[in-house]
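One structure is given below, encoded as structure tokens.
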Amino acid sequence: MHSELSSTRFTVAHEGVTLQGRELLRDHRRLAVQLIHPYGLLCCTLHMPSFMVATGATLLGPSGDERRAHVLRLLYADAQRFHALLPGLLHALPPGDERTIAFMEGMDAQLVQAHSGRPELDALPWNHPVRFRREVQWLRHHGEWPAEGRLSLVHEDPELEWQLLLLLHHALHRRFAVAESWGNWAGN
């Protein structure tokens, strides 16, 4: 079993909605959280600067719990924004449009590269959290945009931009009909 699937789950109440998250990593300096429901798949990793650790700050304990809940709420807000943008993005990028073709072919080729030497990724469904995280990590470090027609969702976090673009890629492949199906994978 993947360690990322056996990690700590937690829930947070937010504006009348119960958010479910998964704590993928947590130590004094790092915290990684993934949104499970609603929407699912989006994740965020925080790294505390050395000078804060030197003053005794930590991501463990009650302050870390508060930060974890805050990150889950931010992921949910990002998922809601993407959910609202998705119909317009799909309408603006119809099948046959040059930008759509360039984006799809470029992303497909890069995902093939991301999977090379990792047969365990190919064995996982497209919306499995481990596969999604590893694809995003590869794209963040090695991904390149097609020369023509780069698609971009403006965001301050380049890793989250890759996550949203990967979700757009899945939507263009018609892999999910509604945003709520993002996180519906077996054993979640």
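In this chain, residues are counted from 1 in sequence order.
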Does H91 have more than 12 heavy atoms from other residues, nucleotides or ligands lying within 6.0 Å of its NE2? no

Should the pair R22 and F10 be classed as cation-pi, given the thresholds of under 6.0 Å to the six-membered ring centre and 45° from the axis? no

Linking I/L/V/M/F/W/Y whenever any side-chain heavy atoms sit under 4.5 Å apart, do L167 and L74 land together? no

Are any of the side-chain nitrogens in D65 or R26 under 4.0 Å away from the carboxylate oxygens of its partner? yes

Side chains of T100 and M104, heavy atoms from C-beta outward: is any pair under 4.5 Å? yes

Mind listing the closest non-hydrogen atom pair of L72 and V12 along with its distance? CD2-CG2, 3.9 Å

Could you report the tightest heavy-atom contact between A92 and R99, atom names first, then the distance? O-NH2, 3.0 Å

Just wondering, do D78 and L164 contact through their side chains at under 4.5 Å, heavy atoms? no

Heavy-atom pair with the smallest gap, counting every atom of L35 and A79: CD2-CB, 4.0 Å

Quick check: do E66 and H70 have side-chain heavy atoms less than 4.5 Å from each other? no

Minimum heavy-atom distance between L124 and R131, given as atom pair plus value: O-NH1, 2.6 Å

Can you sort out the partners of H115 under side-chain hydrogen bond (donor to acceptor under 3.5 Å, both in side chains), two or more places apart, ordered by chain and number? D122, E135

Please verify the inter-ring angle class for H169 with H173; under 30° counts as parallel, over 60° as perpendicular, anything in between as tilted. perpendicular

Parallel, tilted or perpendicular for Y76 and H14, by the 30°/60° rule? perpendicular

Is there a side-chain contact (heavy atoms from CB on, under 4.5 Å) between I36 and L19? Walk through the geometry before answering. CA-CA 8 Å; I36 296 175; L19 308 179; over 6 Å; no

Mind checking whether L86 and W126 sit in one hydrophobic cluster, side chains of I, L, V, M, F, W, Y counted as touching below 4.5 Å? yes

For a quick test of your reading: what N or O donor-acceptor pairs under 3.5 Å do the side chains of residues 43-61 make, sequence neighbours left out?
from, atom 1, to, atom 2, distance (Å)
S50, OG, R29, NH2, 3.1
T55, OG1, M52, O, 2.6
T58, OG1, H28, ND1, 2.7
T58, OG1, L60, N, 3.1

Just wondering, more than 12 heavy atoms not from R73 lying within 6.0 Å of its CZ? yes

Considering all heavy atoms of both residues, which atom of A171 and which atom of L90 are nearest to each other, and what is their separation? CB-CD2, 3.9 Å

Under the side-chain contact (heavy atoms from CB on, under 4.5 Å) rule, what do E120 and R134 come out as? Steps first, then yes or no, please. CA-CA 11 Å; E120 72 278 5; R134 291 190 180 164; 3.6 Å; yes

Student check: side-chain heavy atoms of R118 and W138 closer than 4.5 Å: no

